[in-house]
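Here is the naming used below: chain letters follow the sequence lines, and residue numbers restart at 1 for every chain. As a basis for the values below, the full set of heavy atoms in this structure was taken, side chains included, without hydrogen atoms, waters or symmetry mates.
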Protein chains: 2
Amino acid sequence: MAKTNAAFMSGIPELVVLRLLSRSEMYGYELIRAIRLTSGESIVLAEGVVYPTLHGLEQRGLLKAKEKLVKGRVRVYYQTTAKGKKRLVAIENDWHRINNGVEAILRRLICQN
Amino acid sequence: MAKTNAAFMSGIPELVVLRLLSRSEMYGYELIRAIRLTSGESIVLAEGVVYPTLHGLEQRGLLKAKEKLVKGRVRVYYQTTAKGKKRLVAIENDWHRINNGVEAILRRLICQN
DNA sequence: CCTAATGCATATTTGTTATAGGTATGATAC
DNA sequence: GTATCATACCTATAACAAATATGCATTAGG
């Protein structure tokens, strides 16, 4: 468990990657910064997390990769596919459901066994 | 990945167990029902998840166990200790921080890289 | 020159949850 | 009376995903 993230991270990389790349295409390094900045430093994913995630999502057809040569350096741009967007909707729903469940327990809206 | 829970579950068992047992003592089976009901069926933890969690938390001094004989049957009641409540506050904070980070990305409040 | 930042990649470890069993008692229904 | 379900506990193993720790190569800055 990292000092910065500390638990509650399962599923998060897939969710945030699909979400950010559904809006605009990005390359890995850029995406890592975007996750950190957009989350207000709350979510910091190392390269060893993001790159395998990108490769996995691409293999599953949820992302599409495209190589570009920028300043003599190869960048791999990724973009969420239509299939990826469907998947995104599904896991967003899952995330909200789990979240509501936890909130209900923390706030104890309902009660009694 | 379970059909009911589907990702986003890391850290959740510890959090909800510490939270529910900080309010009132419960025995394992009762706790399992309480998690399911209080979360509105959103979070369903099997016995194979809850019992090891209880044992682990007790070993770490975050829970205190007490055996009771009820209707000729032994029940093990658990209760969150003072140390457990401190830990609870810490992971509740972690949980909210991660949550806010994900929300910011989903809603894209902030932007630009 | 040397260092930091950029940019990609992957093998291995670690930590947790999920699964799938196992034991035993009490209550209910047929 | 006996079959079945709910109660109540337990643990070993599998499965999975993130974290860690690397490696390589290029560019910009001091």
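Between the CD1 atom of A:Ile98 and the C1' atom of C:dT17 there is a distance of 12 Å, rounded to whole Å. For B:Glu58 and D:dC9, the CD to P distance is 13 Å, given to the nearest whole Å. Atom-to-atom, CE of B:Met9 to P of C:dG15 comes out at 20 Å; the value is rounded to the nearest Å. For the pair B:Ile32 CD1 and C:dT17 C1', the interatomic distance rounds to 14 Å; values are reported in whole Å. Atom CZ in A:Phe8 sits roughly 16 Å away from atom C1' in D:dA17 (whole-Å rounding). Summarising the geometry, the separation between CG on B:Leu45 and P on C:dT17 is reported as 9 Å, rounded to the nearest angstrom.
By the 4.5 Å heavy-atom criterion applied to side chains, A:Val17 and A:Leu63 are counted as neighbours. B:Phe8 is not listed as a side-chain neighbour of A:His96, based on a closest heavy-atom distance of 4.5 Å or more.
Classified by interplanar angle (parallel below 30°, tilted 30° to 60°, perpendicular above 60°), the ring pair B:His55/B:Tyr78 is tilted.
In terms of the side-chain hydrogen bond (donor to acceptor under 3.5 Å, both in side chains) criterion, residue partners of B:Lys66 (sequence neighbours excluded) are, by chain and number, B:Glu25.
Side chain of A:Thr80 to backbone of A:Leu18: a donor-acceptor contact under 3.5 angstrom is found.
Residue B:Pro52 is in base contact, counting any heavy-atom pair closer than 4.0 Å across all strands shown.
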Would A:Glu67 and A:Arg75 count as a salt bridge (Lys or Arg N to Asp or Glu O under 4.0 Å) if you check the C-alpha gap in whole Å, the side-chain angles of each, and the deciding distance to 0.1 Å?
CA-CA 6 Å; A:Glu67 290 195 2; A:Arg75 282 182 186 165; over 6 Å; no

Give the B/S/- string for nucleotides 3-9 of chain C, one per nucleotide from 5' to 3', where a protein heavy atom under 4.0 Å of the base yields B, of only the sugar-phosphate yields S, and otherwise -.
---BBBB

